[in-house]
Participant: 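Please read through the structure below; I'll follow up with questions.
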Amino acid sequence: MTDHEPIQAGEGLAAAMVAWSDDAIISKDLQSQITSWNLGAERLFGYTAREMLGASIMRVVPPALHDEQINILERIRRGDRIDHFETVRQTKHRGLIDVSITVSPIKDPQGRIIGASKIARDITELKRHEREIIRLSRLYGALSEINRAIIRISERDALFERVCWALVEQGGFRAVWIAWEEADTHYLRPVAMWGETKNYLRGLELYSDERWEGQSPTGTAFREDRPYISNDVMRDPATEPWRGRMDAAGWCACAAFPIRLGGKPCAILTVYSEQRGFFQGREVELLLEAANNISFALDNFAREDVRRRTEEAIRQERDFSTALINSLPGVLYVYDRTGRFLRWNDNFESATGYDSSDIQTMIPTEFFPEEDRELIRSRIADVFENGTASVEATLLSKDGRKTPYYFTGVRVEIDGDDCVVGVGLDITERKEAANALRAAEDSIRQSQAELTRVARISVLGEFASSIGHEINQPLAAIVTNSGAAVRWLERTPPNVGKTREAIDRIHRDSNLASDVIKRLRALVTKNALEYADLDLNRALEEVLVFASAELRTCGIVVCRELDESLPLVHGDRIQLQQVLLNLVMNGIDAMRVIEDRAGILTLRSKAIDSGTVIIEVEDNGIGVDPATAARLFERFFTTKDGGTGLGLSISRSIVEAHGGRLQAASGSPFGAIFRFTLPAAGTGSP
Amino acid sequence: MTDTSGTVIVVDDDAAMREALQSLLTSVDLDVILFGSVQELLKDGKHEGPCCMVLDVRLPGQSGLDLQDELIRQNNRLPIIFITGHGDIPMTVRAMKAGAVEFLAKPFRDQDLLDAVRVALERDRSRRDEDVALRQLRDRFDALTSREREVMALVSDGMLNKQIASHMGVSEVTVKGHRGQVMRKMGARSVADLVRMADRLKGPSATQ
């Protein structure tokens with residue numbers, strides 16, 4: 001403790017306070033020569049007052065801060081006071097220390113500034129804490145950034161990249177990298193890095209196994225599944241092979257933390273600090289937490305990956321099935337037992353005009369007009385009960401459009417519930433085609449009917465003279481009777497009795513002629529088919545009326561072998577009579593030219609099994625030429641002059657339309673037998 | 001009409017027509033005999049008095065035209081009226097050539113038939129008269145000697161007595177005697193009358 005003039009001016013108490021103060025109290029002149037150096041200064045800087053008095057203050061100022069010191073002196077000279085200025089000072093034994101200094105000018109009694117007093121307080125510990133706090137807060141910042149990244153980023157390498165970035169840019173590390181172990185080679189392949197890593201990592205090959213390249217902090221931490229801390233890389237034997245690289249990069253400490261997947265190390269996080277001894281308990285703890293969080297993220301990725309892959313597979317499956325159902329030409333839909341629609345294709349929406357929000361609230365029957373709904377309901381019940389059903393119905397769209405559809409439904413189990421998968425096809429075209437076909441068929445049927453009628457008239461034409469005779473005969477009798485009646489009346493006295501007889505005969509013969517005409521008209525008139533139960537024997541007799549004159553002219557004897565108890569048949573009388581007429585005419589024609597024997601036309605009717613009626617028309621004429629027998633029923637085939645070739649072909653069509661068969665056989669010893677069968681009425685005939 | 005009596009034979013296979021014809025013909029007091037076929041007719045005998053036949057062309061078995069041929073072959077000159085439901089021209093021509101009285105298509109006017117029947121009966125009556133006269137003439141002719149027949153033939157050929165005498169190689173007086181005998185026996189009132197008789201005798205005998 002040295003007495004100082006300005007202080008001398010004070011009381012002894014003040015001097016004692018200076019002398020014994022914990023703070024370093026120094027005074028110096030304007031040339032920076034130390035003029036006082038108390039005990040506190042001795043304690044703080046390690047130099048004794050003896051050493052320092054008269055020495056330059058620059059002795060405790062680090063060379064880098066000499067300018068700062070000059071600047072301070074400059075301000076003192078101007079009379080400024082510098083309060084709590086934090087700076088670094090050189091000590092004798094402790095190296096650099098953080099100090100807070102307050103510098104005030106010292107004035108002589110005249111007010112001239114003659115020096116400066118300086119109070120310096122050791123704030124090293126304070127500063128260390130401050131720096132620790134900053135470091136930790138940066139680390140916290142990095143950790144929370146990493147956690148954010150874990151939440152945000154769903155891809156491994158991107159996450160690693162972000163981790164490296166955060167630790168460097170937020171955590172204040174010089175360099176950070178993450179390596180992924182290649183399972184087969186144990187090579188630790190760098191997959192993410194940030195900071196001044198380029199030179200360091202170039203040509204660097206680290207491994208996780210026992211080889212010497214595996215003995216690095218990184219390899220060891222991985223292999224032993226624990227953090228490896230090297231707070232002074234220059235002294236750690238483990239870092240020896242790479243020390244040059246780290247030194248070149250200016251790194252003083254490093255630490256490696258394993259990152260796990262499914263509980264086992266899979267990657268390694270290595271961080272480098274320029275600060276020796278950086279990795280203290282709190283720092284290690286935070287980095288460990290970061291590594292664990294990353295591990296958690298990786299596990300999550302794996303789970304996520306499985307989930308995503310599953311979802312992807314499901315999505316692809318769904319995309320595929322969507323594409324599939326949308327590529328279908330018709331509508332497709334799936335609904336459950338309650339009628340709720342689970343799925344449908346685009347066509348379903350476009351065909352119905354309803355959008356998906358409509359369809360979700362609708363049930364199947366609502367897509368059909370009122371009159372079809374009962375049918376649809378029963379088909380839906382069918383498909384749930386029997387597994388499949390189909391229906392032709394009209395699809396009613398939102399705007400009232402009606403389109404014929406053919407629907408097929410199949411019951412399927414979806415998630416344990418019975419559902420119906422249905423497809424519907426627009427059958428408008430098919431319907432139109434069917435209608436066109438039906439129209440064509442109608443016109444064919446009509447022309448067929450017309451042809452049949454023409455053929456009938458044609459065969460009647462062959463009987464024309466015969467028929468004429470049948471009408472002429474009663475007519476002649478009528479005329480003659482009327483002449484007779486007049487003459488009986490003109491007699492004197494009139495013979496009323498004879499007149500009456502004649503008139504009765506006229507009446508009778510008129511009816512006879514009229515009957516013939518009626519029957520004839522029935523045969524030639526264009527009539528719709530009229531199916532009724534009828535007696536073929538009677539139909540045959542009526543036909544014979546038309547033929548009788550012809551038969552007589554040709555001298556043909558008709559022989560009847562008719563079954564009196566013949567069952568009725570169900571059919572169109574006119575058409576069946578046409579068949580009979582044809583067969584009789586053919587028989588007459590076959591016998592017209594024979595001269596060596598009398599023509600006999602045999603007509604037979606009989607029943608077999610009480611279910612079938614057989615009619616036979618047999619002649620003893622020229623017979624059927626075996627060469628043409630096969631073509632007998634061919635349309636337009638004829639052996640007769642002026643024949644149409646329609647008679648037998650149409651007859652066969654008629655018989656077959658009545659559920660029977662028409663066949664020809666040779667007679668014995670002459671002629672031909674035409675035989676046709678018909679089902680008896682009530683045995684399933686048309 | 002001098003005489004309206006007579007018998008009409010009807011052959012028609014149609015019963016209604018037969019009834020009608022019977023009624024019509026009896027209404028004008030004609031006798032009617034009905035047959036359904038030629039066979040039935042042929043089984044029946046001949047009939048006295050003026051007679052004619054109403055015959056349907058088409059009949060079961062033998063037809064009306066066949067019957068006509070048959071009758072002609074038998075020199076049965078029974079007048080025939082054909083009726084038919086469907087007569088054609090060849091058939092009509094054939095029937096008329098063969099001497100049918102009429103060919104009527106059914107239906108015919110009753111008057112047409114009755115007219116035809118009358119004509120037929122008249123024809124039959126005159127034929128029957130003629131037959132009687134011819135038979136008498138032949139009886140007379142048969143009573144002539146061969147010389148007298150020769151003279152009659154030459155007279156009707158238009159020869160004079162002198163020529164006949166020269167032709168026969170007898171005297172003219174002998175010829176005159178035969179000629180007178182012929183005129184008396186034959187009942188001829190003049191030479192012209194005798195010539196007509198010779199013609200009539202020649203006719204049917206020539207066809208036989």
Side-chain angles (χ1 to χ4, degrees), chain A residues 463-516 545 548-558 598-601, chain B residues 1 4 8 10-30 32 34 36-39 54-66 81-89 91 102-118:
Chain A
F463 283 112
S465 63
S466 182
I467 294 164
H469 184 84
E470 287 312 314
I471 298 165
N472 208 34
Q473 207 64 16
L475 207 56
I478 289 163
V479 172
T480 304
N481 275 315
S482 61
V486 170
R487 280 166 209 285
W488 285 117
L489 271 180
E490 281 173 351
R491 283 171 77 102
T492 359
N495 189 328
V496 177
K498 290 282 182 189
T499 307
R500 195 193 171 82
E501 282 172 22
I503 290 170
D504 284 347
R505 283 193 300 273
I506 289 171
H507 190 70
R508 181 198 66 191
D509 295 345
S510 303
N511 285 338
L512 207 67
S514 154
D515 277 355
V516 173
V545 169
S548 63
E550 191 70 20
L551 288 163
R552 205 160 53 228
T553 304
C554 298
I556 292 167
V557 176
V558 174
I600 300 170
L601 185 72
Chain B
M1 290 306 143
T4 60
V8 182
V10 173
V11 186
D12 195 318
D13 63 333
D14 186 58
M17 197 63 211
R18 286 201 298 272
E19 285 174 339
L21 286 171
Q22 182 179 36
S23 180
L24 178 67
L25 294 169
T26 51
S27 73
V28 290
D29 295 322
L30 288 167
V32 180
L34 303 173
S37 68
V38 173
Q39 285 77 6
V54 173
L55 185 57
D56 192 352
V57 176
R58 288 201 181 181
L59 290 168
Q62 209 174 354
S63 82
L65 292 172
D66 293 340
I81 299 155
F82 279 107
I83 54 173
T84 178
H86 29 70
D88 53 24
I89 290 172
M91 202 185 279
E102 189 60 273
F103 199 104
L104 296 171
K106 294 182 191 173
F108 41 78
R109 291 174 55 229
D110 56 334
Q111 192 57 57
D112 289 349
L113 179 74
L114 292 178
D115 288 350
V117 165
R118 242 165 235 135

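Chain letters run A, B, ... following the sequence lines, proteins first, then strands; residues in each count from 1.
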Participant: Just checking heavy atoms, which of residues 475-490 of chain A are less than 4.5 Å from chain B?
Facilitator: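 Within residues 475-490 of chain A, near chain B: A/Leu475, A/Ala476, A/Ala477, A/Val479, A/Thr480, A/Asn481, A/Gly483, A/Ala484, A/Arg487, A/Trp488.
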Participant: How far apart are the C-alpha atoms of A/Arg491 and B/Asp29, what are their side-chain angles, what is the distance that settles it, and do they pass the salt bridge (Lys or Arg N to Asp or Glu O under 4.0 Å) test?
Facilitator: CA-CA 10 Å; A/Arg491 283 171 77 102; B/Asp29 295 322; 3.0 Å; yes
Participant: Of the backbone (N, CA, C, O) and the side chain (C-beta and beyond), which part of B/Gln111 lies under 4.5 Å from a heavy atom of chain A, both, or neither?
Facilitator: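 Both parts, heavy atoms under 4.5 Å.
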Participant: Please state whether the side chain, the backbone, both or neither of B/Leu113 comes within less than 4.5 Å of a heavy atom of chain A.
Facilitator: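 Contact with chain A is absent: no heavy atom of B/Leu113 under 4.5 Å.
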Participant: Kindly indicate whether the side chain of A/Gln473, heavy atoms from C-beta on, has any atom under 4.5 Å from the side chain of B/Asp12.
Facilitator: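 Answer yes - side chains close enough.
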Participant: Any chance you could measure A/Lys498, atom NZ, to B/Leu24, atom CG, to the nearest 0.5 Å?
Facilitator: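 Rounded to the nearest 0.5 Å, the NZ-CG separation comes to 12.5 Å.
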Participant: Measure the shortest side-chain to side-chain distance between B/Ser23 and A/Glu501 over non-hydrogen atoms and say whether it is less than 4.5 angstrom.
Facilitator: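 Side chain of B/Ser23 against side chain of A/Glu501, heavy atoms only: no contact under 4.5 Å found.
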Participant: Count the heavy-atom pairs under 4.5 Å between each of B/Leu21, B/Thr26, B/Leu25 and chain A, then report the option with the highest count.
Facilitator: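 Between B/Leu21, B/Thr26, B/Leu25, the count favours B/Thr26.
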